[in-house]
Amino acid sequence: MEHLSLQLAMIGISGIAAQWVAWRWQLPAIVLLFAVGLIFGPVTGFLNPVEDFDGLYRPLVSLAVAIVLFEGGLTLNFREIRETSMAVRRVIVLGGPLVWLLTALAGHFLAGLSWPTAIVLGAILVVTGPTVIMPLLRQAHLTVRPASILRWEAIINDPIGALFAVAAFETLLVLGGAHEAENLIVRGSVAALFAVVGGIGGGYVLSRLFSRGHAPEYLKAPILLVAVIGMNAASNLILHDSGLLTVTIMGITMANLRLSSITDLRRFKETISTLLVSGLFIILTAALSRDEIARLDWQALFFVLAVLFVVRPLAVFLSTIGTQLSWQERLLVGWIAPRGIVAVAVSGLFGSTLAAYGVEDGRRMIAFTFAVVAATIVLHGFTLGPLARVLGLRAAERPGMLLVGASRFTIGLARRLNALNVPTLVADSNWSRISEARLAEVETWFGEILSESAHHSLNLSRFSYIVAATDNDAYNTLICTDFAPEVGRSAVFQIGATNGNSDRHSVNYTIGGLPLFKPGKTFAELRDHAVDGWIFQATRLTETFDFDAFTSSCPEGTHVLLWVRPSGALVFAAVEGSGSPTTGDTILSFGPRRKDRDQEKIAKATTVDREVRAERARRAADEVKG
């Protein structure tokens, strides 16, 4: 028992540590989790999930996958795919069966697998798991259309691929005389009916239960969790793994019923899914034995290459003919198809069962699935960002900023940021104010930033920072509170007084964003400064003109808002622990205009710095010649 407790603790610690390292250094999290699983399992033997967890292994994996798929369904809103609905339908309805057919052919003729094993393996590899896609999309910052297609396909295809595998497996048993065809048809039809009716009905009942106040807030998340567990179990009693489709449909139903508490429920489920994904990938990878790895040979290599470079691209190209997708989008979607938890879990189940029914190469399917999972995780994980950049499908190459509230202050800030190549957008629901920003040639969005339309029409992944700068302090606080969970508490800022005159008039520290100025400045103060001629200035620090020299040259009252590092990263002065700008950083300040002699001082310092650099370069050249 103590050994099992240690194993569970190490799985949790290693999984979250891998997630943090991936976030900190912008690495694919799934690759790190896969590596940890290999170390825990085949390399060291520290973890053998099948034996260590005994009979709980497969039920717990199935339950965890169901929760992950339900959480993915909660993120799918039909308004999001207005422009890509045809492409999504084609990729799922046409692309899925094409992948199944072509993968089965490759498995039989290239890998030498028997037809029963090849057919089941082809069905399994239809899936492109959300457990892999979602972390990759979070880091890649794709444009709206390819990101939407990949997310919808991953979440919908996971249960469909699992059901394809179940159907193929049950059909093989019927042909082998183990089951009756009538029984399979009846069970399949009842399972499909229950998945659709039960999924939609369950989602509708839960939404009405929550929206009409029949459940307190603190019980909504627990009720939702046990409902997912119950629907998954009930559906699986009819047909194995049909529960995955049921809970996915239930999640999509709730996501489209305009439930006011959906955001809070989604965040709770996202937290659980992150924990489950981290643990599941380690456990499933650790379950791979050395004997199964040893079964991989040159035939497996040819099979993996065919799946990567022929099957998936060809299926996507054929299924998206006649859609509005550009060739760049079709190329990206055709390449990115990492397999994940469902593929591994289902292959382990059916591989062992096929072997038990006398199919000699049944267990080879497990090794082949892991080979495809490993190859797609590594190759797609490390190439998605660079490929999207080459194809021009990244939403933004550098951290962007969303400015809410059009005014002389935000327009001036946006223009200066644009000059520094920082993507910037000014949003406002007042037409006259937004018109001024458009006349200043600043990118704008006209509408309510807190609306559902903004969430679906604006690609918010472009923006790493949000500044709420309207004339209403309470509204600024609301904006920062709403966006903070998505963008990050340290990346939302607002104008306004830092504190109220008393505890009764100051807002709670748990809501709102960081002050853009210290001490805080109100909208009226910033408006008056703009009228008085205050401007934004960008100043690059050099070896001869450091931060102290910059500070001494600034007119009284100048505020340093942020500085841009050579890498393009933004550092806000208001963030605790931000430090001070150094050589090479470009400071963005807001203050009165400098006097002529101050401008001359800065220009002179810049000229001296250039002369020093030129002299060093000449000396280096002379040394090379010498």
Side-chain angles (χ1 to χ4, degrees), residues 23 138-139 141 144 263 266-267 394-418 420-430 433-434 437 442-498 507-518 520-523 526 536 559-564 568-576 578 588 590:
W23 166 80
R138 194 176 295 121
Q139 294 176 344
H141 301 295
V144 174
T263 301
R266 191 179 291 147
R267 289 169 186 163
R394 281 178 64 90
E397 292 296 330
R398 305 181 67 176
M401 187 182 301
L402 172 62
L403 303 172
V404 183
S407 64
R408 294 182 64 175
F409 172 78
T410 55
I411 293 172
L413 176 57
R415 296 184 66 178
R416 181 56 66 180
L417 288 171
N418 288 337
L420 296 174
N421 296 321
V422 176
T424 310
L425 175 72
V426 176
D428 202 306
S429 58
N430 184 288
R433 290 197 295 260
I434 208 72
V442 172
E443 184 182 358
T444 61
W445 191 81
F446 174 58
E448 174 54 63
I449 196 62
L450 296 177
S451 67
E452 188 177 1
S453 175
H455 178 78
H456 296 302
S457 61
L458 279 176
N459 187 6
L460 295 176
S461 63
R462 299 166 50 198
F463 308 111
S464 303
Y465 302 95
I466 293 178
V467 175
T470 71
D471 57 356
N472 188 322
D473 289 348
Y475 183 62
N476 293 336
T477 300
L478 176 62
I479 292 171
C480 292
T481 303
D482 185 72
F483 281 100
E486 182 175 353
V487 180
R489 290 284 177 183
S490 60
V492 290
F493 302 86
Q494 66 181 96
I495 64 171
T498 306
V507 298
N508 194 294
Y509 67 93
T510 60
I511 62 176
L514 297 174
L516 187 62
F517 293 91
K518 284 188 176 181
K521 284 188 174 293
T522 64
F523 180 86
L526 294 175
F536 290 94
H559 292 268
V560 174
L561 293 182
L562 57 90
W563 52 91
V564 184
L570 304 182
V571 181
F572 282 78
V575 176
E576 184 177 355
S578 59
L588 181 61
F590 180 63

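Only heavy atoms go into these numbers, but all of them, side chains included; no hydrogens, no water, no symmetry mates. In this text, all values refer to a predicted model and were calculated from it rather than measured experimentally.
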Determine whether the aromatic ring centres of F409 and F536 lie less than 6.0 Å apart.
yes

Roughly how far apart are R433 CZ and D471 CG, rounded to 0.5 Å?
6.0 Å

Search all heavy atoms of N430 against all heavy atoms of D428 and return the closest pair with its distance.
N-OD1, 2.8 Å

In short, A474 meets N472 closest at the heavy-atom pair N-OD1, 3.0 Å

F493/I466 under side chain to side chain contact (heavy atoms under 4.5 Å, CB included): CA gap, chis, key distance, verdict
CA-CA 6 Å; F493 302 86; I466 293 178; over 6 Å; no

Under the criterion side chain to side chain contact (heavy atoms under 4.5 Å, CB included), I'd like the reasoning laid out for I479 against I449: C-alpha separation, chi angles, the key distance, then a yes or no.
CA-CA 8 Å; I479 292 171; I449 196 62; 4.2 Å; yes

Could you grab the distance from atom OG1 of T410 to atom CD1 of I495, nearest 0.5 Å is fine?
8.5 Å

Taking all atoms of both residues into account, what is the closest heavy-atom pair of N476 and Q494, and its distance?
CB-NE2, 3.9 Å

In short, C480 meets G512 closest at the heavy-atom pair CB-C, 3.6 Å

CA sep, side-chain torsions, deciding dist, call: F523, D473, side chain to side chain contact (heavy atoms under 4.5 Å, CB included):
CA-CA 8 Å; F523 180 86; D473 289 348; 5.7 Å; no

Taking the side chain as everything from C-beta on, heavy atoms only, tell me whether L514 gets closer than 4.5 Å to V492.
no

Rounded to the nearest 0.5 Å, how far apart are CG of L516 and CG of L526?
8.0 Å

Kindly determine whether L402 and V404 satisfy side chain to side chain contact (heavy atoms under 4.5 Å, CB included), including the steps that lead there.
CA-CA 6 Å; L402 172 62; V404 183; 4.2 Å; yes

Within a strict 4.5 Å, meaning less than it, do heavy atoms of the L561 and L413 side chains meet?
yes

Less than 4.5 Å apart, any side-chain heavy atom of L562 and any of M401?
yes

Heavy-atom closest pair, residues S578 and W563
O-CZ2, 3.6 Å

Between V426 and A414, which heavy-atom pair has the shortest distance, and what is it?
CG2-CB, 3.9 Å

Measure the spacing between OH of Y475 and OG of S429 and express it to the nearest 0.5 Å.
5.5 Å

Does one side chain, of T424 or E443, offer a donor that lies under 3.5 Å from an acceptor on the other?
no

With a 3.5 Å distance limit and no angle check, can you tell me whether Y465 reaches the backbone of L570 through a side-chain donor-acceptor pair?
yes

Is the distance from the ring center of F590 to that of H559 below 6.0 Å?
no

